[in-house]
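Inspection log for the structure reproduced underneath, given as structure tokens.
Computation of the quantities below employed the complete heavy-atom set of this structure, encompassing side-chain atoms and omitting hydrogens, waters and symmetry-equivalent molecules. Both counts, for ligands and for their atoms, begin at 1 and track the order of listing.
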Amino acid sequence: MRRMLIAGNWKMNLTANEARAVIAALRAEIDRDAAALARDRDVMIAPPAVIIPAASQALAGSSIALGAQNMHFEDKGAFTGEVSAPMLKGFGVTHVIVGHSERRHVFGETDELINRKVIAALRHGMVPILCVGETQEEHDGGRTAEVVLAQLQNGLAGVDQAQGDRIVVAYEPVWAIGTGRTATPELAENVHGAIRESLRAQMGPEKADSVRILYGGSVTADNVDSLVSKPNIDGALVGGASLKADSFARIVRAKAR
Ligand code: PEP
């Protein structure tokens, strides 16, 4: 039985003071149910890199895990503006979002670069959350499976099979991110099923069946239950609705599967 993961991606939002306030409110909502929630789900938030020290302090003693939105694949060096896995781990960061569609489409990240980041995260014992997803044009052209499975296979190239189950995959159709247009649970489950099949071929059924596949794209408290009721939807990657403690807490309390 896979544990659910509800992960918040704050993107470039919230100052340190605002982040402390959101975390305090979130802890007030979540920590009191921590034991019940911990039975079948994990919760994570990913603030901007510069906010991670403040978030780390504010999360001390909480069951909420700390994630990063991006990182470089090298440990150190002449890479102006970048942060590395050891730097993030120093603040208790355990998860890192890799290959988010904004990194791919706004900052030009390639499958090859994303793959190096996945491998670096695993080398440092972090959980990479590998994002895949098709654009509106690719969706309309009937190319969803082709695009998503290519991103998946390229993103995981050369990953040690033994570490396969440490990876999290997030299916995030680009046309659903920040648009209010959520994929239907049926459509998402269809793609998640194809991702699961591809993982089985890549790392064997046992490992593949323990990989968590999240859905992302306009997830709210109103649609999360129907999404996670599907057999291959193991949680959510949440953008906009993770910025407010009450809306994120309601998503975290999604109906048990
Ligand atoms: C995201 O940023 O990964 C995301 C899914 O955003 P939103 O929930 O706002 O669509």
**Report entry** Nitrogen or oxygen of I177 less than 3.5 angstrom from that of ligand 1
**Finding:** no
Query raised in the report: If we only count N/O pairs under 3.5 Å, is G240 in contact with ligand 1?
Result: yes
Query raised in the report: Any idea which part of N9 is under 4.0 Å from ligand 1, heavy-atom wise: side chain, backbone, both or neither?
Result: side chain
Report task. Before signing off on this row, confirm whether G239 and ligand 1 have an N or O atom pair separated by under 3.5 Å. Result -> yes
Query raised in the report: Does a side-chain N-to-carboxylate-O contact under 4.0 Å join D40 and R257?
Result: no
Query raised in the report: What is the nearest protein non-hydrogen atom to atom 5 (C) of ligand 1, stated with its residue, atom name and distance?
Result: E172 OE2, 3.1 Å
Query raised in the report: Does the distance from a Lys or Arg side-chain N to an Asp or Glu carboxylate O, for R143 and E137, drop under 4.0 Å?
Result: no
Report task. Please verify whether a non-hydrogen atom of H100 lies at under 4.0 Å from ligand 1. Result -> yes
Report task. Give the intermediate values and the outcome of side-chain hydrogen bond (donor to acceptor under 3.5 Å, both in side chains) for residues E74 and S84. Result -> CA-CA 6 Å; E74 293 286 2; S84 72; over 6 Å; no
**Report entry** Carboxylate-amine/guanidinium contact R3 D234, below 4.0 Å
**Finding:** no
Query raised in the report: Does even one non-hydrogen atom of S218 get within less than 4.0 Å of ligand 1?
Result: yes
Report task. Determine, for D209 against R2, whether the closest basic-nitrogen to carboxylate-oxygen distance falls under 4.0 angstrom. Result -> no
**Report entry** Ring geometry between W175 and H139 (parallel below 30°, tilted from 30 to 60°, perpendicular above 60°)
**Finding:** tilted
Query raised in the report: Charged N to carboxylate O below 4.0 Å: is that the case for E109 and K117?
Result: yes
Query raised in the report: Below 4.0 Å from any atom of ligand 1, is there a heavy atom belonging to A176?
Result: yes
Report task. For atom 2 (O) of ligand 1, find the nearest protein heavy atom and state the residue, atom name and distance (0.1 Å precision). Result -> K11 CE, 2.5 Å
Report task. Apply the test side-chain hydrogen bond (donor to acceptor under 3.5 Å, both in side chains) to residues Q136 and D140: give CA-CA distance (whole Å), side-chain angles for both, the deciding distance (0.1 Å), then the verdict. Result -> CA-CA 6 Å; Q136 178 76 66; D140 294 345; 2.9 Å; yes
Report summary line: Near G178 (heavy-atom distance under 4.0 Å), the atoms of ligand 1 are 7 (P), 9 (O), 10 (O)
**Report entry** Atom indices of ligand 1, in the order listed, that fall short of 4.0 Å to a heavy atom of G217
**Finding:** 5 (C), 10 (O)
